[in-house]
Chemist: 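One structure coming up, written as structure tokens, with questions to follow.
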There are 2 protein chains.
Amino acid sequence: MPNVKVLPLLEPDVVACCPPLNERPMSADEAEVAAKMFKALGDPVRLRLFSAVASHEGGEACVCDISDVGVSQPTVSHHLKKLKEAGLLSSERRGTWVYYRVEPAVLAAMGALLAGAAKATA
Amino acid sequence: MPNVKVLPLLEPDVVACCPPLNERPMSADEAEVAAKMFKALGDPVRLRLFSAVASHEGGEACVCDISDVGVSQPTVSHHLKKLKEAGLLSSERRGTWVYYRVEPAVLAAMGALLAGAAKATA
DNA sequence: TGTCTATGTTGACGTCTGTCGATACAGGTG
DNA sequence: CACCTGTATCGACAGACGTCAACATAGACA
């Protein structure tokens with residue numbers, strides 16, 4: 001089995017993208033991919049929305065549960081779309097409501113990126 | 001000892017800022033602080049510069065060692081300043097050259113933010 | 001002192017981004 | 001079917017951002 005990736009549709013490029021930040025200088029392509037994810041979390045409203053989903057029971061939440069972040073409904077929808085495009089959230093419609101849930105693999109990849117750098121540069 | 005923070009000048013707010021993303025919804029203030037750091041890493045050039053510093057021997061590098069990222073010198077300087085303002089890098093002039101180094105505590109805080117969310121939402 | 005190199009700052013420019021109101025779409029209910 | 005609620009899309013606008021050339025500053029050295 002030369003390729004372990006059996007669910008290619010769910011994972012964005014980041015999961016297999018990048019070594020820890022301190023291992024070697026990132027290439028331009030690697031940086032392009034990884035920066036998209038950090039950028040997605042680089043807005044306060046998106047960070048609150050993401051945290052609201054992640055902390056909701058079951059790791060998923062209806063939009064109506066998390067919309068109270070001080071911006072209009074279209075803006076909430078816009079930010080959720082951005083998070084989805086970055087691979088951090090996935091969405092599913094169930095009847096009247098749309099539920100968003102976190103993508104653990106992508107988050108773990110980002111965490112590893114940082115954790116490695118934090119450890120080895122002390 | 002009610003307050004363990006004995007080196008307040010070095011640490012930005014982030015270190016003591018935020019619980020794991022999945023613990024509870026982030027407040028507006030917390031999100032404001034944390035988003036600044038993610039945003040700092042949300043640009044490909046900055047990510048490459050940061051990675052170049054982090055992967056350089058000793059966890060520090062002279063600007064001249066890492067300037068080859070395809071943008072002009074003023075732009076490099078601009079991005080390094082942004083990373084510094086975000087608390088991810090610190091700088092020190094030694095003679096002719098300026099050296100940048102990573103701030104491990106801040107990185108660790110960001111990693112913890114993500115790692116917790118990745119683990120508990122699987 | 002003057003000059004050279006390394007780095008930071010300024011000002012300007014085009015592009016990207018966050019925000020909103022208006023509107024469209026989807027699904028439930030009557 | 002009509003109507004209501006929840007969510008997404010569209011179009012527009014102001015402000016933020018990345019980039020550069022030009023200039024300024026700091027230190028080394030003669």
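All chains are named by letter (A, B, ...) in the order of the sequence lines, taking the proteins before the strands, and each is independently numbered beginning at 1.
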Chemist: With sequence neighbours left out, write down each residue that passes salt bridge (charged side-chain N to carboxylate O under 4.0 Å, His left out) with Arg93(B), or none if nothing qualifies.
Modeler: none
Chemist: Show me the protein contacts with nucleotides 23-30 of chain C, counting only N or O atoms at under 3.5 Å.
Modeler:
none

Chemist: If I compare all heavy atoms of Ala40(B) with all of Arg46(B), which pair ends up nearest, and what's the gap?
Modeler: O-NE, 2.7 Å
Chemist: Mind checking the CG-CG spacing from Leu113(A) to Leu47(B)? Nearest 0.5 Å is all I need.
Modeler: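 Those atoms lie 7.0 Å apart.
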Chemist: Select base, sugar-phosphate, or nothing to describe what Tyr99(A) touches, counting heavy atoms under 4.0 Å on all strands.
Modeler: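 No contact.
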Chemist: To the nearest angstrom, how far is Lys81(B) atom NZ from dT7(C) atom C1'?
Modeler: 12 Å
Chemist: Can you list the residues that meet the salt bridge (charged side-chain N to carboxylate O under 4.0 Å, His left out) rule with Glu60(A), with sequence neighbours excluded?
Modeler: Arg94(A), Arg101(A)
Chemist: Can you pull the contact range of chain B along DNA chain D, 5' to 3', using atoms under 4.0 angstrom from its heavy atoms?
Modeler: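 Footprint of chain B along DNA chain D, 5' to 3': dC17(D) to dA28(D).
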Chemist: Please report the interatomic distance NE2(His56(B)) to SG(Cys62(B)), rounded to the nearest 0.5 Å.
Modeler: 8.5 Å
Chemist: Can you confirm whether Glu85(A) sits close enough to Lys82(A) that some side-chain heavy atom of one is under 4.5 Å from a side-chain heavy atom of the other?
Modeler: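 Touching, per the 4.5 Å side-chain cut-off.
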Chemist: Provide a list of protein-nucleic acid N or O atom pairs under 3.5 angstrom, restricted to nucleotides 12-18 of chain C.
Modeler:
unit_1, atom_1, unit_2, atom_2, d
dT17(C), OP1, Lys39(A), NZ, 3.2
dG18(C), OP1, Arg46(A), NH1, 3.2
dG18(C), OP1, Arg46(A), NH2, 2.8
dG18(C), OP2, Arg46(A), NH1, 3.3
dG18(C), OP2, Lys82(A), NZ, 3.0

Chemist: Verify, without hydrogens or angle tests, whether Ser55(A) (side chain) and Leu21(B) (backbone) share a donor-acceptor contact under 3.5 angstrom.
Modeler: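 No; zero donor-acceptor contacts below 3.5 Å.
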Chemist: Can you find a heavy atom in the side chain of Lys84(B) that is under 4.5 Å from one in the side chain of Leu80(B)?
Modeler: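 Side chain of Lys84(B) against side chain of Leu80(B), heavy atoms only: no contact under 4.5 Å found.
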Chemist: Under 4.5 Å between side-chain heavy atoms, counting indirect links through other Ile/Leu/Val/Met/Phe/Trp/Tyr residues: same cluster for Val98(B) and Val76(B) or not?
Modeler: yes
Chemist: Quick one: stems involving DNA chain D, counted as three or more successive Watson-Crick or G-U pairs, both distances short of 3.5 Å.
Modeler: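 As far as DNA chain D goes, consecutive pairing (with distances under 3.5 Å) yields the stems C:1-30 with D:1-30.
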Chemist: Same cluster for Met26(A) and Val71(B) if Ile/Leu/Val/Met/Phe/Trp/Tyr side chains link at under 4.5 Å?
Modeler: yes
Chemist: Under 4.5 Å between side-chain heavy atoms, hopping through other hydrophobics if needed: is there a path connecting Val63(A) to Phe50(A)?
Modeler: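 Yes, one cluster joins them.
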Chemist: Starting at CG of Leu83(A), measure out to CE of Met37(A) and round the result to the nearest 0.5 Å.
Modeler: 10.0 Å
Chemist: Do Leu88(B) and Met110(B) touch side chain to side chain, with heavy atoms closer than 4.5 Å?
Modeler: yes
